Amino acid sequence: MDERVFRNAMGKFATGVTVITTEQNGEIHGMTANAFMSVSLNPKLILISIDQRAKMLNKINEAGTFAVNILAEDQKELSMQFAGQLKEKKEAEFDYMSGIPVIKGALANIVCKIYRKHAAGDHTIFLGEVVDIELREGAPLGFYEGKYSKIVS
Ligand code: FAD
């Protein structure tokens, strides 16, 4: 099967957008990701999937902890920044929760420690056990067919 057909099919699944954050040896690293889902209530588990070529992979492995930050509608530029899609380098501002850097103004900051990991083709799946959560009101940033979109309720 053609890779483009697979990509197009996956693009039909409308998602929100997250930035995964972690800190290793005092250096904060962020990466945009939409491969995120809730997995279990007891224990509280979530899942992310990271490309094996991404710098984020080793950083999470080393840190053992990460945060999933669900972006608000007005955070498209942050999504582009942490996907390496902006031409110029920009500073980012972070808060801390339970010792982990998180994105300011996100709709949800979900702090996790690695529960399990599993190599899956050219990605690695991390199950994260949730240790801390902070929530804000607002509209989410959406992603559909490879483009940012609004999610209207
Ligand atoms: P880099 O490419 O080096 O870093 C990413 C960018 O973030 C760079 O521009 C860097 O300057 C910036 N940055 C990092 N840390 C900081 C900091 N502390 N301060 C300021 N800027 C910083 N890939 C996946 O593996 N899984 C997914 O689920 C996934 N979903 C995606 C969803 C969307 C909507 C998009 C647009 C991309 C997605 N990607 C996903 C692709 C992924 O975001 C990019 O390939 C990303 O560039 C990989 O990051 P990296 O860890 O290799 O680090």
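Read the numbers this way: they start at 1 and go in the same order the structure lists the ligands and their atoms. Worth saying up front: this structure is predicted, and the values here are computed from it rather than measured.
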Taking atom 45 (O) of ligand 1 as the reference point, report whether a protein heavy atom occurs under 4.0 Å from it.
-> no

With only distance considered, is Tyr148 within less than 3.5 Å of ligand 1 through an N or O on each side?
-> no

Short N/O distance, under 3.5 Å, between His29 and ligand 1?
-> yes

Could you state the interatomic distance from CD (Glu129) to SG (Cys112), rounded to the nearest 0.5 Å?
-> 9.0 Å

Can you list the atoms of ligand 1 that are under 4.0 Å from a heavy atom of Met56?
-> 51 (O)

Starting at CD of Glu23, measure out to CZ of Phe94 and round the result to the nearest 0.5 Å.
-> 9.5 Å

Should one rank Gln81, Lys76, Lys89 by closest heavy-atom distance to atom 8 (C) of ligand 1, which comes out on top?
-> Gln81

For ligand 1, which part of Phe143 has a heavy atom less than 4.0 Å away: the side chain, the backbone, both, or neither?
-> side chain

Can you tell me which residue and heavy atom of the protein come closest to atom 42 (C) of ligand 1, and the distance to 0.1 Å?
-> Thr32 O, 3.6 Å

The protein heavy atom nearest to atom 25 (O) of ligand 1 is Asp51 N, 2.8 Å

Side-chain donor-acceptor pair under 3.5 Å between Asn69 and Thr21, yes or no?
-> yes

Quick one: which ligand 1 atoms are inside 4.0 Å of a heavy atom on Lys90?
-> 20 (C), 21 (N)

In terms of atom number and element, which parts of ligand 1 are under 4.0 angstrom from non-hydrogen atoms of Ile50?
-> 25 (O)

Is Phe36 touching ligand 1 with its side chain, its backbone, both, or neither, if touching means heavy atoms under 4.0 Å apart?
-> neither

Option whose closest heavy atom lies nearest to atom 26 (N) of ligand 1, chosen from Gly30, Ser49, Ala35 = Ser49

For atom 2 (O) of ligand 1, which protein heavy atom lies nearest, and how many Å away is it?
-> Lys55 NZ, 4.7 Å

Does Ser79, backbone or side chain, put an N or O under 3.5 Å from an N or O of ligand 1?
-> no

Mind checking the CE-NE2 spacing from Met31 to His29? Nearest 0.5 Å is all I need.
-> 7.5 Å

Is the backbone N or O of Gln24 less than 3.5 Å from a side-chain atom of Glu27, with the two atoms forming a donor-acceptor pair by type?
-> no

Is it the side chain, the backbone, both or neither of Gln85 that has a heavy atom closer than 4.0 Å to ligand 1?
-> side chain

Take Glu134 and Arg136 through the salt bridge (charged side-chain N to carboxylate O under 4.0 Å, His left out) test and state the conclusion after the steps.
-> CA-CA 7 Å; Glu134 202 153 292; Arg136 272 168 220 91; 3.4 Å; yes

How many angstroms lie between atom NZ of Lys44 and atom CD1 of Ile133, to the nearest 0.5 angstrom?
-> 8.0 Å

Which of Phe36, Tyr148, Phe82 passes side-chain contact (heavy atoms from CB on, under 4.5 Å) with Val17? It is Tyr148

Ala54-ligand 1 polar pair, N/O distance under 3.5 Å | no

